[in-house]
Structure formats: structure tokens, C-alpha cells
Amino acid sequence: MGYAVFETARYMGKTGAAVKRALGLGSFCLYPIIFDMSINQPSSYVFPHKHLLGIEGLSRPDIEALLELADEEVILSRQVEKKKTSLRGRTQINLFFEPSTRTQASFELAGKRLGADVMNMSVANSSAKKGETLIDTAMTLNAMRPDLIIVRHHAAGAVQLLSRKVDCSVINAGDGAHEHPTQALLDALTIKRAKGRIEGLVVAICGDIMHSRVARSNMICLAALGARVRLVGPTTLMPAGIERFGFEIFHDMREGIRDADIIMMLRLQRERMHGSFVPSTKEYFRYFGLDDEKLALAKPDALVMHPGPMNRGIEISTDVADGAQSLIREQVEMGVAVRMAVLEALARRLPNG
Ligand code: NCD
């Protein structure tokens, strides 16, 4: 039977219904995250999902098992011979409705390292009939019998919709301002490898929280793994009502990053802004951009992250981005490993997997 079995899980538990979009584009409700540590710990772990549509819905063991598998993929990826055969004979389609460099490239490399046939489809935005076009595309691709489809789309919920129309496994590579689960997993892996743990770390996620799927997936993932998550940004870029969900909220960057272990910077997601959210990029950088002077307020061994693409001089200075405390290059490397782990976990569930 094609189930992914991991030897790693130490906990049984659920993140619970962690995040629900509710208040329209860019706004959402968070429900308390509940862990159940009391259930017996299995000696082996079955990855129980057909799709990866979000971090929401994954249990802590699901996340930890993927991170453990990704650690193995890092070892493989650092060898001269980087190939495995776990996806041999499988067809992987990367269906990108939004521009992407690193995510698409990293899914492509991940699939190829596992031996899959990988096809890239970059679909230009169609205007009015987005839903219809998406479903038509899904049906067409489904007829080609792929095993895995990776989807990036500008509309929140589009990937879930597509997953209901196809027979294969679907991975969300970013849907609107909703979720970007593989980014959160690669961030967690990067932190875990750099700091040796995630539990108890203070992680400040800074900038355009409201429009960021990276922030959303990271909040759920990091909270599930026991980090103390702070959200830092101007009120105009903070989802309404977010303070009700247990995160520490800061509108002063200096306060928000004080004594933090990890500072995760976000890009201003202008493509999702309808109206003016910041007075000017110069002023934004002054108050919310990460430079050496602000970074000095965090813990001396604090590390800096950014999902890319970076806007130097807007949310982060070049000195910090390229400095000794930056983990940005490691994030890119971990991106390939995490995507390999996700592809492999899902592929083991496929018929004859
Ligand atoms: C992120 C995305 O697309 O959401 N980038 C990425 O996946 N590398 C963040 C961003 O675009 O700012």
C-alpha cells in the first residue's frame, strides 16, 4: 500500500483548525491551536494526506516527519550524485498562474532529483473567467494522467478547488494571500538546523503581514512547533482582529524585534494591495526596514530570514541581507530539500507507491 511511513514521530496531536480566512482578502480568523500530547506515541508514522494544501490541517507529527525526511534530502542534495528513484515513472506538472523564480525552480529540481518527469506550465492570467479557466485547465491536465500537480494561483482557495477536480495529488505552491505551506516548512527546517530547535524560540515576522501567505503559513507552522511568534508591522498591514489569536503584536519594529531569536522579513506585496498602505517606501524602510542598527536590538545571535524576492532598501538593507546573520541562502537550499520530502511523502501514497 502506498502510505508514507516515517520512523520519526514522537507526538500525536493536531494543530486543530488553525487558520480560517473569514474577513475577505487579506484578513482572516485564527482559532486556538490545540495539541494533544496524551495519545500513545507510534513507533512509525503514516503521512495521512493525499494533498498538501496548507499547513492548516497538518498535525505536529506530520510537520516533524516532513522535516526529518527533508534532513535526509539535504544530505542527498550535497552529494555529487543527487538522484533517487522514488518518483521514477511519475509525472509532475508545475502549474504556475503567477510569476515565480525560486519556488518553481526548486519544485522542478526536487522532482528531477527524485526521478520524476517534470513539466512546467506557466499560465498567463486570464481576466474575468478565472474560476472557469482554472477548472478547464485542471480537467485538461487530469486527462494527461499526471501523478502530482504543483499549483500557484493568485486567488486564495484556488488550489483547493483544483484538488477536487483531479485524481492526482496536489501541492499548494502559494494561493493568493492564503497559504504557502512549503515555504513555511523550509523556513522551519532552516531554523531547526541553524538553532538546533524551534520550541521556545522568539520569532518576529515583520512587514506586510496582511497580504502575506508566507506569514500565514509560518504563523501556524511555528506555533505548532512551539515557537513564540511575534507579528510586527504598521497597523495598515496587520489583519484586523489578529490580536485575538494569541500572537504578540507590535507596531514598533524596535520593540517587536527586541531580544528575538529569528527575524523573518516580508516583502511589501504590492500586487495584492488595492490602495495606499504605506506613505512611501523611504519612510517604510526608516520605520520597518531591517538595518544593522535595528538588528542590534535582537539577540546577539539572532538570525535573519527572507522568503525572497527581496526588495533591498525597502524592507531590508543590503548589509543585513548579505551579512553574517543572514540565513537567506540556506533558505533557498532547504527549499529544494523540503519540496523533495513533500513530493516523496505524497508519492508514497500514490497507487503502486
Ligand atoms: C513568496 C511568495 O510568492 O509568496 N515568495 C516565494 O515563494 N519565494 C513571498 C513573496 O512573493 O514575497
Side-chain angles (χ1 to χ4, degrees), residues 19 21 25-26 28 52-56 70 94-111 120 122-123 125 150-159 171-191 203 205-222 231-233 237 239 262-273 277-278 281 284-285 288-290 304-316 320-321 326-340 342-343:
V19 170
R21 282 172 296 111
L25 187 70
F28 57 100
L52 180 66
L53 302 175
I55 298 293
E56 186 190 8
N94 296 337
L95 177 61
F96 278 64
F97 291 87
E98 264 189 355
S100 167
T101 312
R102 73 206 70 215
T103 305
Q104 187 165 352
S106 124
F107 268 113
E108 182 175 354
L109 268 185
N120 285 308
S122 298
V123 186
N125 277 353
I150 324 303
V151 189
R152 169 168 287 191
H153 198 279
H154 42 87
V159 183
I171 300 172
N172 183 359
D175 63 327
H178 178 220
E179 277 235 38
H180 192 351
T182 56
Q183 180 69 45
L185 291 169
L186 80 85
D187 289 338
L189 183 66
T190 308
I191 296 171
V203 182
I205 306 179
C206 306
D208 184 0
I209 309 284
M210 182 189 264
H211 301 102
S212 175
R213 54 199 177 201
V214 173
R216 202 156 310 208
S217 290
N218 260 304
M219 288 175 218
I220 310 169
C221 189
L222 291 167
L231 304 178
V232 185
L237 294 175
I262 300 284
I263 303 170
M264 197 178 274
M265 298 307 299
L266 300 170
R267 185 175 63 87
L268 284 177
Q269 320 265 304
R270 291 167 185 284
E271 68 276 22
R272 293 190 197 104
M273 293 183 190
F277 285 77
V278 292
T281 50
Y284 183 79
F285 182 70
F288 290 97
L290 187 62
V304 176
M305 303 174 75
H306 193 303
M310 264 186 294
N311 288 317
R312 292 169 187 259
I314 297 181
E315 71 265 4
I316 192 165
V320 172
S326 170
L327 281 177
I328 296 169
R329 277 213 338 245
E330 281 82 348
Q331 285 175 274
V332 178
E333 182 186 2
M334 295 310 129
V336 180
V338 149
R339 285 162 184 136
M340 288 171 77
V342 169
L343 289 168

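All values derive from a computational prediction rather than experimental measurement. Numbering of ligands and ligand atoms starts at 1, following listing order.
- Proximity of Arg152 to ligand 1, defined as any heavy-atom pair under 4.0 Å, is confined to the side chain (atoms from C-beta onward).
- For ligand 1, the atoms sitting less than 4.0 Å from at least one non-hydrogen atom of Arg102 are 8 (N), numbered in the order shown with element in parentheses.
- The single protein non-hydrogen atom nearest to atom 4 (O) of ligand 1 is Arg213 NE, 2.7 Å, given as residue, atom name and distance.
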(request) Verify side-chain hydrogen bond (donor to acceptor under 3.5 Å, both in side chains) between Glu179 and Ser217, making sure each step is shown before the conclusion. (result) CA-CA 5 Å; Glu179 277 235 38; Ser217 290; 2.6 Å; yes

(message) Would Arg267 and His306 count as a side-chain hydrogen bond (donor to acceptor under 3.5 Å, both in side chains) here? Give the steps.
(response) CA-CA 8 Å; Arg267 185 175 63 87; His306 193 303; over 6 Å; no

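- In terms of protein heavy atoms, atom 7 (O) of ligand 1 is closest to His180 NE2, 2.7 Å.
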(request) Output, in order, the C-alpha distance, side-chain angles, deciding distance and verdict of side-chain contact (heavy atoms from CB on, under 4.5 Å) for Leu185 and Ile55. (result) CA-CA 8 Å; Leu185 291 169; Ile55 298 293; 3.9 Å; yes

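- With a 6.0 Å cutoff to the six-membered ring centre and a 45° limit on the axis angle, Arg339 counts as a cation-pi contact of Phe107.
- Put simply, the side chain of Asn311 does not reach to within 4.5 Å of the side chain of Leu268, judged on heavy atoms.
- Heavy-atom contacts of Thr103 reach the following atoms of ligand 1: 6 (C), 7 (O), 8 (N) (cutoff under 4.0 Å).
- Within the listing of ligand 1, atoms 1 (C), 4 (O), 9 (C) sit less than 4.0 angstrom from a heavy atom of Val214.
- In this structure, Pro309 has a heavy atom closer than 4.0 Å to ligand 1.
- Among protein heavy atoms, the minimum distance from atom 12 (O) of ligand 1 is reached at Arg267 NE, 2.6 Å.
- In this structure, Met305 CE and Leu186 CG are separated by 7.0 Å, a value rounded to the nearest 0.5 Å.
- Residue-ligand proximity: Gly308 is placed with a non-hydrogen atom under 4.0 Å from ligand 1.
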(message) What verdict does the side-chain contact (heavy atoms from CB on, under 4.5 Å) test give for Asp187 and Ile262, after you've listed the backbone C-alpha separation in whole Å, the side-chain angles of each residue and the deciding distance to 0.1 Å?
(response) CA-CA 11 Å; Asp187 289 338; Ile262 300 284; over 6 Å; no

